[in-house]
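Because the structure is predicted, anything quoted here is derived from the model rather than measured. Residues: numbered from 1 along the sequence shown.
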Amino acid sequence: QVQLVESGGGLVQPGGSLRLSCAASGFTLDYYAIGWFRQAPGKEREGLSYIRKSDGSAYYADSVKGRFTISRDNAKNTVYLQMNSLKPEDTAVYYCAATNMATMEADWYDYWGQGTQVTVSS
């Protein structure tokens, strides 16, 4: 059974850091590009970053560039999103997803995790 499971969310103060994990089962992550998305209440889903399957290079949305870093550990079949300098506007449910395309277009993603809540508040 193909499954993606996110973990690592929680409550953090502004300026703090969190590392999200996206663990795959039922398939090998390094055959896919992996993206991170988020959705805040009342807002549209936002694509944040993806890491390519070919060379591990990454794309970042302007809203997170310089603060978030995506990485993958193929041995652990896991992709990470290191989030630094968190702001209250980063509060959302964060999702990872897998695609055969190097794209931030959500429609191209085939597999999705269930999401993990990130809350940035003092």
Taking side chain as C-beta onward, heavy atoms only, is [X] less than 4.5 Å from [Y]?
X: Ser121; Y: Leu11; value: yes
X: Asn100; Y: Tyr31; value: no
X: Thr28; Y: Asn74; value: no
X: Phe68; Y: Asp90; value: yes

So if you build clusters from Ile, Leu, Val, Met, Phe, Trp, Tyr with side-chain heavy-atom gaps below 4.5 Å, do [X] and [Y] land together?
X: Leu29; Y: Val2; value: yes
X: Tyr111; Y: Ile51; value: yes
X: Trp36; Y: Leu86; value: yes
X: Tyr80; Y: Tyr50; value: no

Can you see which heavy atom on [X] is nearest to which on [Y], and at what distance?
X: Ile70; Y: Ser49; value: CG2-OG, 3.3 Å
X: Arg72; Y: Val79; value: CB-CG2, 3.7 Å
X: Val93; Y: Gln117; value: CG2-OE1, 3.2 Å
X: Met83; Y: Tyr94; value: SD-CE2, 3.7 Å
X: Leu48; Y: Ser63; value: CD2-OG, 4.4 Å
X: Thr103; Y: Glu105; value: OG1-N, 2.9 Å

(message) Tell me whether the rings of Phe27 and Tyr32 are parallel (<30°), tilted (30 to 60°) or perpendicular (>60°).
(response) perpendicular

Between [X] and [Y] (side chain of the first, backbone of the second, donor and acceptor by atom type, cut-off under 3.5 Å), is there such a pair?
X: Thr99; Y: Trp108; result: yes
X: Thr78; Y: Lys76; result: yes
X: Arg52; Y: Ala102; result: no

(message) So if I apply the salt bridge (Lys or Arg N to Asp or Glu O under 4.0 Å) rule between Arg38 and each of Glu6, Glu44, Glu46, which one comes out positive?
(response) Glu46

Cut-off 3.5 Å, no hydrogens considered: what does the side-chain donor-acceptor table look like for residues 14-24, sequence neighbours left out?
unit_1	atom_1	unit_2	atom_2	d
Ser17	OG	Asn84	OD1	2.9

(message) Is it the case that the ring center of Phe37 lies less than 6.0 angstrom away from the ring center of Tyr95?
(response) no

(message) For the CE atom of Met104 and the OH atom of Tyr60, what is their distance to the nearest 0.5 Å?
(response) 11.0 Å

(message) Using 0.5 Å steps for rounding, measure from the NZ atom of Lys43 to the OG1 atom of Thr91.
(response) 9.5 Å

